[in-house]
Number of protein chains: 2
Amino acid sequence: MTGTDGGVGGDGLTDLFGLLAYAELVAFFNLSADAALAPTLEDKAALGGMAVAEFGHFRALHGELTRMGAVPEQAMQPFVAPLNAFHARTAPADWLEGLVKAYVGDGIAADFYRAVAEVLEPDARALVKEVLADTGHADFVTARVRAATEADPTVAGRLALWARRLVGEALAQAHLVAAERPPLAHLVVGAAGASGGQGDIGRMFADLIDAHDRRMAALGL
Amino acid sequence: MTGTDGGVGGDGLTDLFGLLAYAELVAFFNLSADAALAPTLEDKAALGGMAVAEFGHFRALHGELTRMGAVPEQAMQPFVAPLNAFHARTAPADWLEGLVKAYVGDGIAADFYRAVAEVLEPDARALVKEVLADTGHADFVTARVRAATEADPTVAGRLALWARRLVGEALAQAHLVAAERPPLAHLVVGAAGASGGQGDIGRMFADLIDAHDRRMAALGL
């Protein structure tokens, strides 16, 4: 499968879907674990439902990889170590940190998918937009974080620091991945209309962080 | 909602569905956690899919409780402590113990559902049979346990002891629940055609354990 949009090769797309598939699978595991720790049965059920939605995204990407002639597990493999490293270095200390982590990750992932979708073929674009579909997570998190910071204003400072650390760790891993996977980097910066290279990657990430900062402000952090 | 089968009151049914709903929710959490620990991406995906199937069962029971006019979280509440106690006392030490626990639990739950379904109204019976639907778990576990015991025969003895402990802990909690929830106990022993009481409960459990022993033998344990 080759992109119609000049230089977007199959390798880049296999990498992209492999990355997204593993990211969704891990999001499912993390959200399930958050759900198990939720303080009420209502929250357990609500977060469990969001976890299941992430698994649906994983399944869609897994199916598309198979359809493209790739072996999904092989396509995911290069991203297992960097994503695991990110998650190992950002294990939430409590339920609120878990919520903020899921919210930060969801928001950046959605912006990233949206940007990348622009350079994909129609079929691949439709899949990425499906995976982008709202899981209802943002509203859930916003309500609970606001309630927690209203009850104890010192929580806001701690969560804001936490969100900053998450973004730093994510950027570190993302730069390593971009350096190791040129076809993926090329595909991704194509989304930003640039020619490629670490500078373009950096500019694309900078745009994602601007959007992230706006979401944090909306959350009161 | 009142049963048509003489004395099967709404309280018993609300209890039954509350118990099953919470059991399925916890099964979802446990299977997701097992999936996260699975040694390969293929196994992670396969177990994740089974976890999602359990969540679907939870959703169906949750929806039925709402339809019956119950508050699902209230209906589940009496069973949170005993089920949590069971799981806290039977935390698997490794991936194989997790698989055997899920297999033992699934098998006993399926036999229990099948027995109880007989005394329910057609609507409730259809739901219980839907929840009973095979998640593909048994084949998955059987293949992996057999491979592990062939590679290291001493594993079989350890897993057999583990399965025995699981059943003991489950029976202890089940007897406590039966003692505290007479309408539920009455509904459940109605399934076995008995009049009620701890002796009938004990006989019903004994039948479940006979079936469990046959499954363990089939697993080579």
Side-chain angles (χ1 to χ4, degrees), chain A residues 17-66 70-81 83-84 87-88 91 95 98 135, chain B residues 17-66 70-81 83-84 87-88 91 95 98 135:
Chain A
F17 285 178
L19 165 63
L20 299 185
Y22 189 65
E24 294 285 355
L25 185 63
V26 176
F28 164 70
F29 292 139
N30 287 341
L31 268 173
S32 303
D34 288 346
L37 295 176
T40 68
L41 286 174
E42 286 87 346
D43 283 359
K44 280 183 205 289
L47 274 178
M50 293 171 211
V52 168
E54 306 282 12
F55 195 81
H57 298 163
F58 162 73
R59 265 194 182 133
L61 289 157
H62 191 281
E64 178 63 16
L65 280 165
T66 304
V71 177
E73 286 71 25
Q74 282 176 13
M76 289 189 265
Q77 203 61 59
F79 309 105
V80 169
L83 276 161
N84 287 1
H87 288 296
W95 150 253
T135 57
Chain B
F17 285 178
L19 166 63
L20 299 186
Y22 189 66
E24 293 285 354
L25 185 63
V26 176
F28 164 70
F29 293 140
N30 288 341
L31 267 175
S32 302
D34 288 345
L37 295 176
T40 67
L41 286 174
E42 285 88 345
D43 283 359
K44 280 182 205 291
L47 273 177
M50 293 171 210
V52 167
E54 306 283 14
F55 195 80
H57 298 163
F58 163 73
R59 264 193 182 134
L61 290 157
H62 190 280
E64 178 63 16
L65 281 164
T66 304
V71 177
E73 286 73 24
Q74 282 176 13
M76 288 189 267
Q77 203 60 60
F79 309 104
V80 169
L83 275 162
N84 287 0
H87 288 296
W95 150 254
T135 57

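Reminder, nothing fancy here: chain letters follow the sequence lines and each chain counts from 1.
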- For chain B, find which of A/Ala35, A/Pro72, A/Ala33 contributes the most heavy-atom pairs closer than 4.5 angstrom. A/Ala35

- Task: Name the region of B/Val26, side chain, backbone, both or neither, that has any atom closer than 4.5 Å to a heavy atom of chain A.
- Result: neither

- Minimal heavy-atom distance between B/Phe28 and A/Ala51, with the atoms involved, is CZ-CB, 4.2 Å

- So which bits of residues 38-47 of chain B come within less than 4.5 Å of chain A, counting non-hydrogen atoms only? B/Leu41, B/Glu42, B/Lys44, B/Ala45

